[in-house]
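All chains are named by letter (A, B, ...) in the order of the sequence lines, taking the proteins before the strands, and each is independently numbered beginning at 1.
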Amino acid sequence: MKKIFFFLALPVLFFTACKNPLKNYGGRLAPEEDPEFALPIGTAELHMQDLLEGKNPDEITIDPDGLIRLHYQGDLLTRTSEQIFDAIETTLSLPIPIDTSPFLLPLSAPDGLEVYRLDLRQGTMQFTTAQTFGQDVNLHLFLPQVLDENLQPVSLDYVVPDLGGLPWFSPIIDMTDYTIDAPNSEVYVEYLATLANTGDTVELDPFLIQLSNVEFSYAEGYFANQLHDNGLDTIDIDLFDSWLEGDVYFADPLIHIFVYNSFGVPTRSIVQVFDVHTALGQVLPLESPYIDSGIDFAYPDLYHVGETSVTQFTFDKDNSNIEDILGSEPVRLVYEVDAITNPDNDTAIVGYITDSSQYTVTVQVELPLYGTATDFKVRDTFDLNLGLLDEAQALELKIITENGFPLEAKMDLLFLDENGLVLATLFDKPELILAAAPIDDEGFPSSVAVHTSVIPIAGDLLDQLRQASSLAMLVSFSTTSEQGNQLPVKITDQQEMKVRMGIKIK
Amino acid sequence: MKNQTVAFVFLLLGFFFVKAPLFSQAETLLFGSHLAQAGETNPALLNDHRIVLMQPSFYNNTFFTGPTLADAFTDVNGQQLFDSQSFLNALDEDNNLLRQQFSLNTLGGALRLGGAQLSLTHSFRLEAQASYPKQMAELALLGNSQFVGDTIALNHDLQLFSYSEFALGGAVKLGPLQAGVRLKWLNGIGALSTERGQIGLYTDPGVYGITFTSDYQLNSSSIASLSLADSLQLSLNLSNLDFKQVITKNQGLAVDLGVIVQLGNLSLSASALNALGSINWSENLNNYSSSTSVTYSGVDLTVLFTSDSLDFPTALDTLKSLVQLAETQQAFSTALPSTYRLGASYALNKSLELGGLIALQRFKEQTYKTLSVYAAFVPISWVHLQASYSIVNDTYANIGLGASIQAGPVQLYAMSDNVPALFNLAGSRHFQGRAGLNVVIGRKKK
């Protein structure tokens, strides 16, 4: 009897010795009278401004009236002057035989490229010959169109020994900052070879010029049709990632093409592919007169060397079928916009390129959140942790929504097992959870719509919820309608909604 | 004498009809007995024997208002089923009481020398009292759904403490007057006591946001600890309480005073027990307090718009958010229930005595009043028989019976102020009894 427990237990023992009135206790008389607790679950607030905070301003922009525009941008496709210079450098990289004097060295290519002026950033020049005259040969070279760094014509004198037919190589001439001025796309080369002992003029055969490691900083001429092959690119539009069915219509979608061009050459687009892929698997080509005719890109002329000209071209509902193809649940845009120089083959146009010239193309899809949606159905899945619902016998979910968006939402919940199989659905058909805010004449919400839903869950349905490991939420959105007609609405950064949930648990 | 008697009867009746809970705290039969333990009802009482060695005895008193077991349980095909509606219907809207007293008198002794008497006793005692409104039970049994849109008042009071008591008493007889005093040295063993008990709960009719208002403090010494860390848990640490701890650091004092006037065959008695008595608790302290007015609207579910998981809040989340419990370790004190008795007895002859008693007990905010009459009959010198009748809590079938038998120096006794309750546990609200033995030496001639 050390413990007070026994002290407390004594009266109990005393009375139970008389009679235990509860020896056959069998639970509650009316199980339906089990306690029912009403508890708040919580509040979810969705403010567009919060959602937009921190977003890349290149991806989302806000109009002065608040209208939100989504921008989906493709890769920056860049082509530099390297490709063209490579072609010239390749042409000049082979040993050039000088079989007569004077000799006209052509600065042109079979594809029509004609170069009138070249400024060298680096490179070397060397001459090679072989003679068996039994004495030295005095060699004088004159290249009046090849100007050294002081803009002086190149004039060279060498003594070529008899090496018994073995090749003789001149010293290497550094051509850094040299200029080749070839208005006719030809370089004049003159040489005079005389025997050292007799002074007789002789012909050197073979006699070669070798240009090595040549890199140009500037080229001027007629560049013919140079094709800028930009390759295929894809813009993914994630707006419809969870889309299941339903229609969405964007009132004024746009596709922009931005070209940043510092080539001094006329260039025009060649649209190889411009297709919208829809959630239904359709491939819808963009159609426009500008697809067929091409878009001329601005370029800096000879007076604006080093500058970049910008061209922005926009496909809209007035010049294309964009409204149709982007109004059909687009999930990606696949395109290839190449470019060709001198599309009209006008040889009178003298253009230029520099070693820093580049041409950049990017395509951007712009979807203003302005339009209509009809039963735009999405599905999302949540892992489920029932918490206090674990031991519930019945429950009643209450949802009060205050919606400032001009969108209504009907919802159904699928209870999924571990394998994703549907155990049960909350409703027979989707129920309205969120009422759409009414709109004014311009499509802006004019007030907040309040809606209350009470959802009882009991019996087998509750058992199935308890067994569920995840929930799939099916939500179909529709924009505000009037007499059954969907009205174009605008989603702005000022819109917000509040969803409050409470639960009664028994 | 006749006028005095009439005045006394009117005083009794006036006292009785004051609206207040009534129950038999008075220990009518003990009051009217010849036992040394009767001194507990009035320290001025002088024993019949020169020496009394009080052996272990116990006393229990259980009382509650509201539903009885019969109200709470219904027999259906031999099974006892809990009938919550019947249970709730039997509750008072504002104030329901549960009162428990228990004492274990370990040892004691009294020595009477002529008109003077000294006594020394030791006891372990338990005092418990809970008062609560009907809505508190409704909330627990039916939940808060029925109170959506209303504020529930959950104000309550809980007093539960046990202590070890050393009592040194003295009484003296001066002519027709007897006076006595008993000083008590109290050593608290454990306590659980609400210092403030104001709690309100409002459930918003929207999505059931809960507004919790409180001015609440629960003090504990040794008995209990409350935790909201992992769950709401009130742990009763009864195993910490050891009866070896007859002397503790939780100290207190109390005093009993009494007077008896003997007017021929009429004896008038008045006593005040545990007046100003209290215990100061300073061991193994915990104070849990909450003074707040906070609205809990659930958790922030905004993450639902961006998350792939749906977690419902737990009840613990709700409680933690609402209660905002603060924990300190501050000393506190508990007041003992103080009891006041006025009694009268009249000896018709040597064998038969009739008496009446009114008593008042104050325990925190509760006041208990008792009206009873009794008769004591001594058929032979070693047998004492007693009977009492009390009106208790608007019930009229409270019959008390008691007996003591003396075999040589050994005196055995047992009594209850409500014997029918022992045979009708399910229908009763008041259970009371005392039993024990004494060794008595040297009968004093009256």
Query raised in the report: Hey, what do you get for CE (A:Met501) to OH (B:Tyr208), rounding to the nearest 0.5 Å?
Result: 13.0 Å
Query raised in the report: So which part of B:Ala140 gets closer than 4.5 Å to some heavy atom of chain A, the side chain, the backbone, both or neither?
Result: backbone
Query - B:Lys134, NZ atom: more than 12 neighbouring heavy atoms under 6.0 Å - result: yes
Query raised in the report: Is the backbone N or O of B:Ser145 less than 3.5 Å from a side-chain atom of A:Lys504, with the two atoms forming a donor-acceptor pair by type?
Result: no
Report task. Please name the pair of heavy atoms, one in B:Gly143 and one in A:Pro35, separated by the smallest distance, quoted to 0.1 Å. Result -> N-CB, 3.7 Å
Query raised in the report: So, does A:Lys398 use its side chain to make a donor-acceptor pair with the main chain of B:Pro205 at under 3.5 Å?
Result: yes
Query raised in the report: When rounded to the nearest 0.5 angstrom, what is the spacing between CG in B:Asn144 and CG in A:Leu39?
Result: 6.0 Å
Query raised in the report: Side chain, backbone, both or neither: which part of B:Glu138 has a heavy atom under 4.5 Å from chain A?
Result: neither
Query raised in the report: Most heavy-atom pairs under 4.5 angstrom with chain A, which of B:Asp204, B:Thr203, B:Leu141?
Result: B:Leu141
Query raised in the report: How would you list, by chain and number, every residue that makes a ring pair (Phe, Tyr, Trp, His ring centres under 6.0 Å) with B:His122, sequence neighbours excluded?
Result: B:Phe124, B:Phe166
